[in-house]
Trainee: 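Please see the structure below; I have some questions.
What's counted below: heavy atoms across the whole structure, side chains too, no hydrogens, waters or symmetry copies.
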Amino acid sequence: MKNLFLIGILAFLIGCGSENDPKEQAVLAPLAHINIAASDTFQQSFLQLMEGYYTLSDHFSAGSETAIEDAAKAFKMLVDSLPIESLQADTSLMFTARSYTEGISAELEGLLGEKGLDKKRMALQMISDQLYELIRTVQYNGSVIYHFYCTQAIDDQGAYWLGKLSAGKNPYLPAESAECAELKDSIDYRNSKYFIK
């Protein structure tokens with residue numbers, strides 16, 4: 001009887017502890033095994049968002065600051081207008097997704113304020129990292145996305161970026177693209193049994 005009483009108290013305490021701030025719960029939201037339904041509007045918007053990112057990355061590879069800034073402005077508009085609310089998912093996942101879009105938008109704002117390609121590339125690194133997590137959070141299933149790494153990028157600190165082809169151009173060290181572009185991962189939710197179409 002005493003054991004049942006202790007189990008009851010423990011269950012009550014766990015239940016009370018689960019009503020944490022949604023911000024705290026968002027960090028704990030699993031990235032796999034979540035059923036997510038996305039509208040056609042969301043899918044189309046995310047496709048445009050990825051194309052905007054690829055355009056930005058390509059301009060870094062070409063090294064034109066003016067083109068980079070134009071692409072960053074266009075990409076920021078796509079990020080800011082991504083219809084997270086059209087996802088049919090739990091609130092913690094949607095909060096997590098929204099926090100990534102806000103982070104990407106802030107980094108793009110920072111990129112636009114920076115002078116010189118080196119500082120702009122540091123912002124691209126942060127944008128790429130957050131976009132990778134956003135893709136995994138919403139489990140975008142419109143295409144395969146390739147995740148690359150270069151050990152020599154950002155003064156040998158190393159940096160990641162995303163590409164739509166399995167052989168990608170390095171936006172950090174364009175002249176050494178072939179030598180420093182290690183494919184680390186591919187994100188492919190197209191046949192995911194956890195994604196509701």
Trainee: Checking Asp185 against Tyr149: is there a side-chain donor and acceptor pair closer than 3.5 Å?
Mentor: no

Trainee: Which heavy atom of Leu183 sits nearest to which heavy atom of Ser166, and what is that distance?
Mentor: CD2-O, 4.2 Å

Trainee: If Ile, Leu, Val, Met, Phe, Trp and Tyr residues are connected whenever their side-chain heavy atoms lie under 4.5 Å apart, and connections chain through other members, are Leu47 and Met77 in the same group?
Mentor: no

Trainee: With no hydrogens and no angle check, is any side-chain donor or acceptor of Ser105 less than 3.5 Å from a backbone partner on Thr101?
Mentor: no

Trainee: Considering residues at least two apart in sequence or located in another chain, which fulfil the side chain to side chain donor-acceptor pair (under 3.5 Å) criterion with Tyr160?
Mentor: none

Trainee: Mind checking whether Phe60 and Asn170 have side chains closer than 4.5 Å, heavy atoms only?
Mentor: no

Trainee: Between Lys120 and Glu69, is the salt bridge (Lys or Arg N to Asp or Glu O under 4.0 Å) condition met? List the steps.
Mentor: CA-CA 9 Å; Lys120 289 184 187 300; Glu69 289 179 3; 3.0 Å; yes

Trainee: Heavy-atom distance under 4.5 Å between the side chains of Leu49 and Phe75, does that happen here?
Mentor: yes

Trainee: Looking only at the side chains, is there a donor atom on one of Ser61 and Tyr172 sitting less than 3.5 Å from an acceptor on the other?
Mentor: no

Trainee: Work out which heavy atom in Gln43 is nearest to a heavy atom in Tyr140; give both atom names and the distance.
Mentor: OE1-CD1, 3.7 Å

Trainee: Give the cluster check for Leu112 versus Ile104: same hydrophobic cluster or not, with ILVMFWY residues linked at side-chain heavy-atom distances below 4.5 Å.
Mentor: no

Trainee: If you count every heavy atom of other residues, nucleotides or ligands that lies below 6.0 Å from Asp155 atom CG, does the total exceed 12?
Mentor: no

Trainee: Within the 4.5 Å heavy-atom criterion, are Gln157 and Thr151 side-chain neighbours or not?
Mentor: no

Trainee: When you group the ILVMFWY residues by side-chain heavy-atom contacts below 4.5 Å and let the links chain together, are Val144 and Ile135 in the same group?
Mentor: yes

Trainee: Quick one: pull up NE2 in His59 and OG1 in Thr66 and give me the separation to the nearest 0.5 Å.
Mentor: 10.5 Å

Trainee: Working to the nearest 0.5 angstrom, can you tell me the gap between Glu114 CD and Ile68 CD1?
Mentor: 12.5 Å

Trainee: For residues 70-157, pull every pair meeting disulfide (SG to SG under 2.5 Å), keeping only residues two or more places apart or in separate chains.
Mentor: Cys150-Cys180

Trainee: Nearest 0.5 Å, what's the CZ-CD1 distance between Arg190 and Ile187?
Mentor: 12.5 Å

Trainee: Looking at side-chain heavy atoms only, is the closest gap between Lys164 and Glu51 below 4.5 Å?
Mentor: yes

Trainee: Hey, does the side chain of Tyr53 reach the backbone of Leu162 with a donor-acceptor pair shorter than 3.5 angstrom?
Mentor: yes

Trainee: Any sub-3.5 Å donor-acceptor pair from Arg121's side-chain atoms to Ile154's backbone N or O?
Mentor: no

Trainee: What distance separates Ser86 OG from Phe42 CZ, expressed to the nearest 0.5 Å?
Mentor: 6.0 Å

Trainee: If I take atom CE from residue Met50 and atom CZ from residue Phe46, how far apart are they, to the nearest 0.5 angstrom?
Mentor: 6.5 Å

Trainee: Do any N or O atoms from the side chain of Trp161 and from the backbone of Leu124 form a donor-acceptor pair under 3.5 angstrom?
Mentor: no

Trainee: Run through Glu102, Glu107, Glu109 and flag the one making a salt bridge (charged side-chain N to carboxylate O under 4.0 Å, His left out) with Lys76.
Mentor: Glu109

Trainee: Can you confirm whether the side chains of Asp90 and Ser92 place a donor and an acceptor under 3.5 Å from each other?
Mentor: yes

Trainee: Flag the pair Glu85 and Arg98 as a salt bridge only when some basic side-chain nitrogen lies within less than 4.0 angstrom of an acidic carboxylate oxygen.
Mentor: yes

Trainee: Could you tell me if the side chain of Ile145 sits less than 4.5 Å from the side chain of Tyr54, heavy atoms only?
Mentor: yes

Trainee: So, for Ala97 and Ile84, which heavy atoms are closest and what is the spacing to 0.1 Å?
Mentor: CB-CD1, 3.8 Å

Trainee: Indicate yes or no for a side-chain donor-acceptor contact from Ser99 to the backbone of Thr96 under 3.5 Å, with no hydrogens or angles considered.
Mentor: yes

Trainee: List the atom of Leu78, the atom of Gly52, and the distance in Å for their closest heavy-atom pair.
Mentor: CD1-CA, 4.1 Å

Trainee: Just so I know, are the side chains of Met126 and Leu111 near enough to count as touching, which here means a heavy-atom distance under 4.5 Å?
Mentor: no

Trainee: Which pair of non-hydrogen atoms, one from Gly158 and one from Gln125, has the smallest distance, and what is that distance?
Mentor: O-NE2, 3.6 Å

Trainee: What is the distance from atom CZ of Phe148 to atom NZ of Lys184, rounded to the nearest 0.5 Å?
Mentor: 12.5 Å

Trainee: Give the minimum heavy-atom separation between Leu56 and Ala72, together with the two atoms involved.
Mentor: CD1-N, 3.8 Å

